[in-house]
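My questions all concern the structure below.
Not measured: the values here are computed from a predicted model.
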Amino acid sequence: MPIQVLVVDDSAVVRQMLTGIIGTAADMRVATASDPIIAMQKMKGTRPDVIVLDLEMPRMDGITFLRNIMASDPIPVVVCSGRATTAAVTALEEGAVEVIAKPLHGLAEFLTEQKTAILYSIRAAAAARPRLAVVPPAVRPRVEESRPRLALSTDRLIALGASTGGTEALRAVLSAMPADSPGIVVVQHMPAMFTAAFAKRLDECCAIRVREAEDGERVLPGVALVAPGNRHLSVHRSGNGYSVQLSDSPPVARHRPSVDVLFQSVAYAAKANATGVLLTGMGADGAEGLLAMRRAGALTIAQDEASSVVFGMPKEAIARGAAERVLPLSRIAPTLRSI
């Protein structure tokens, strides 16, 4: 059966462009609505498999509409937003499974160039099991240290990779890590305009520090570095610790940043001193990299099917023999804390 897609956006241009793109896919059918009120009326006739949702609309904003959907009949939602605000991150916390960027200028050219990525995101969402929103952890106060962290280094390293549904999986893991945890590096498939806001939101609810990585930055204990959207992140030995390098080299496994790029670099730089965790996501990105980490002596973990929004990337890693342990999401942070 074709994937039934409902585009909800108050811009006629966006609706027209997305209809043209989605309409080219043989496995999809598309309908549109100019606001959530009209969308709800259309949904009474045909229940969509995926909703592509703008966040700023008249009569009812996208976040309110998303909450209504998740409370009554959870449907996979792909947020299509043109502003790098915390609203997109909030939408992911409220149950959206993907976010794609919508530029404020050059819209037609951008959407045409991003056709493959848009269709991929919709297919990933169609394969997802939407989850009810979880109450975000409260902001965690920190006690500022008297000595500068620049004086510290780390020999142990944790590398995390995720895609569809991964933002909430990462929040579950990172918010449970102690302030003195080993240095952490993260790749989450997400457009460039959202990764800084995502890292900032994580920083607010975690005992560790979380920030978007900068080129050449050192990996420090108690700090998680998130790869910027559209840039590969790799780890390299730096004296008695590690530093990160950002790259604009071509996408790997369809993605930039790529989990495979991160994991391969960690396998080489940290070997048995590393732990790799592959979380929920569509496709196979990270499976080969996790296998390289295991062969290098690292502990490797894949999220199990029952707790994954999309059991794609972890499944591929398990099939390759890359995962030493297969764990539900609730057991991953306790395992990392015990190592």
Side-chain angles (χ1 to χ4, degrees), residues 1-5 22 25 27-28 48-53 66 69-70 73-80 88-89 91-100 116-134 160-174 186-191 194-195 198 227 229 251-260 262-263 276-290 300-320 322-323 326-332:
M1 292 288 292
I3 300 169
Q4 301 292 333
V5 183
I22 298 168
D27 61 338
M28 298 183 193
D49 299 306
V50 177
I51 297 173
V52 179
L53 180 65
L66 174 61
I69 293 169
M70 292 301 147
D73 180 18
I75 295 171
V77 171
V78 175
V79 169
C80 184
V89 177
L92 292 166
E93 293 175 346
E94 294 288 345
V97 296
E98 288 271 6
V99 58
I100 56 179
T116 300
I118 291 169
L119 296 178
Y120 183 86
S121 293
I122 292 172
R123 292 187 180 103
R129 292 175 291 185
R131 304 296 174 88
L132 295 177
V134 177
L160 306 175
S163 186
T164 310
T167 56
E168 291 308 283
L170 285 168
R171 187 180 69 170
V173 173
L174 294 178
V186 179
V187 163
Q188 163 69 49
H189 297 157
M190 182 180 281
F194 301 113
T195 46
F198 173 56
V252 173
R254 199 190 282 270
H255 297 288
R256 187 173 64 202
S258 164
V259 183
D260 272 328
L262 172 63
F263 283 0
V277 182
L278 191 57
L279 299 169
T280 173
M282 182 174 173
D285 188 27
E288 286 298 321
L290 197 70
T300 55
I301 299 169
Q303 186 176 350
D304 74 352
E305 181 174 8
S307 65
S308 293
V309 173
V310 177
F311 190 55
M313 289 158 43
K315 180 181 179 180
E316 291 295 330
I318 294 166
R320 287 165 170 78
V326 179
L327 300 174
L329 181 61
S330 62
R331 292 298 309 157
I332 291 176

- Residues in salt bridge (Lys or Arg N to Asp or Glu O under 4.0 Å) contact with Arg256, at least two apart in sequence or another chain: none
- Residues two or more places apart in sequence or in another chain: which of them pass ring pair (Phe, Tyr, Trp, His ring centres under 6.0 Å) with Tyr120? His255
- Note on the structure: By side-chain hydrogen bond (donor to acceptor under 3.5 Å, both in side chains), Glu316 pairs with (sequence neighbours left out) Arg320
- Where Asp260 and Gly289 come nearest, the two heavy atoms and their spacing: OD1-N, 2.7 Å
- Message: In the structure I gave you, are the side-chain heavy atoms of Phe198 and Val99 within less than 4.5 Å of one another anywhere?
- Response: no
- The side chain to side chain contact (heavy atoms under 4.5 Å, CB included) partners of Ala169 (sequence neighbours excluded) come to Leu279, Thr280, Gln303, Leu329
- Shortest non-hydrogen contact from Leu278 to Phe263? CD1-CE2, 4.1 Å
- Message: Can you tell me how far apart CG (Asp27) and CZ (Arg123) are? Round to the nearest 0.5 Å.
- Response: 4.0 Å
- Query: So do the side chains of Pro48 and Ile75 get within less than 4.5 Å of each other, counting heavy atoms only?
  - Reply: yes
- Message: Between Val78 and Val50, does the side-chain contact (heavy atoms from CB on, under 4.5 Å) criterion hold? Intermediate values first, please.
- Response: CA-CA 7 Å; Val78 175; Val50 177; 4.0 Å; yes
- Item | Which residues share a side chain to side chain contact (heavy atoms under 4.5 Å, CB included) with Ala117, sequence neighbours left out | Gln114
- Message: Using side-chain heavy atoms (C-beta onward) and a distance below 4.5 Å, is Leu119 in contact with Met28?
- Response: yes
- Message: Side chains of Asp304 and Pro314, heavy atoms from C-beta outward: is any pair under 4.5 Å?
- Response: no
- Message: Taking side chain to side chain contact (heavy atoms under 4.5 Å, CB included) as the definition, give me every residue that meets it alongside Ala91, ordered by chain and number, with sequence neighbours left out.
- Response: Leu55, Ile63, Leu66, Val79, Ala96
- Closest contact, heavy atoms only, Gly95 versus Met70: O-CE, 3.8 Å
- Message: Ignoring hydrogens, what is the shortest heavy-atom contact between Pro76 and Val97? Give both atom names and the distance.
- Response: CB-CG2, 4.4 Å
- Query: Under 4.5 Å between any side-chain heavy atoms of Met313 and His189, yes or no?
  - Reply: yes
- Query: Under the salt bridge (Lys or Arg N to Asp or Glu O under 4.0 Å) test, which residues partner Arg254, sequence neighbours left out?
  - Reply: none
- Note on the structure: In this structure, OG of Ser308 is separated from CE of Met282 (nearest 0.5 Å) by 14.0 Å
- Query: Is there a side-chain contact between Ile122 and Val52, using heavy atoms and a 4.5 Å cut-off?
  - Reply: yes
- Search all heavy atoms of Asp285 against all heavy atoms of Val252 and return the closest pair with its distance. OD1-O, 4.4 Å
- Which residues share a side-chain hydrogen bond (donor to acceptor under 3.5 Å, both in side chains) with Ser121, sequence neighbours left out: none
- With sequence neighbours excluded, what pairs up with Thr195 under the side-chain hydrogen bond (donor to acceptor under 3.5 Å, both in side chains) test? Glu212
- Message: Is there a side-chain contact between Met190 and Leu92 in this structure, where contact means two heavy atoms from C-beta onward sitting under 4.5 Å apart?
- Response: yes
- Message: Using the side-chain hydrogen bond (donor to acceptor under 3.5 Å, both in side chains) criterion, which residues pair with Gln4? Sequence neighbours excluded.
- Response: none
- Task: Compare every heavy atom of Ala124 with every heavy atom of Thr164, then report the nearest pair and how far apart it is.
- Result: OG1-CB, 3.4 Å
- Item | Pairing residues for Ala227 by the side chain to side chain contact (heavy atoms under 4.5 Å, CB included) criterion, not counting sequence neighbours | Val187, Leu233, Pro257
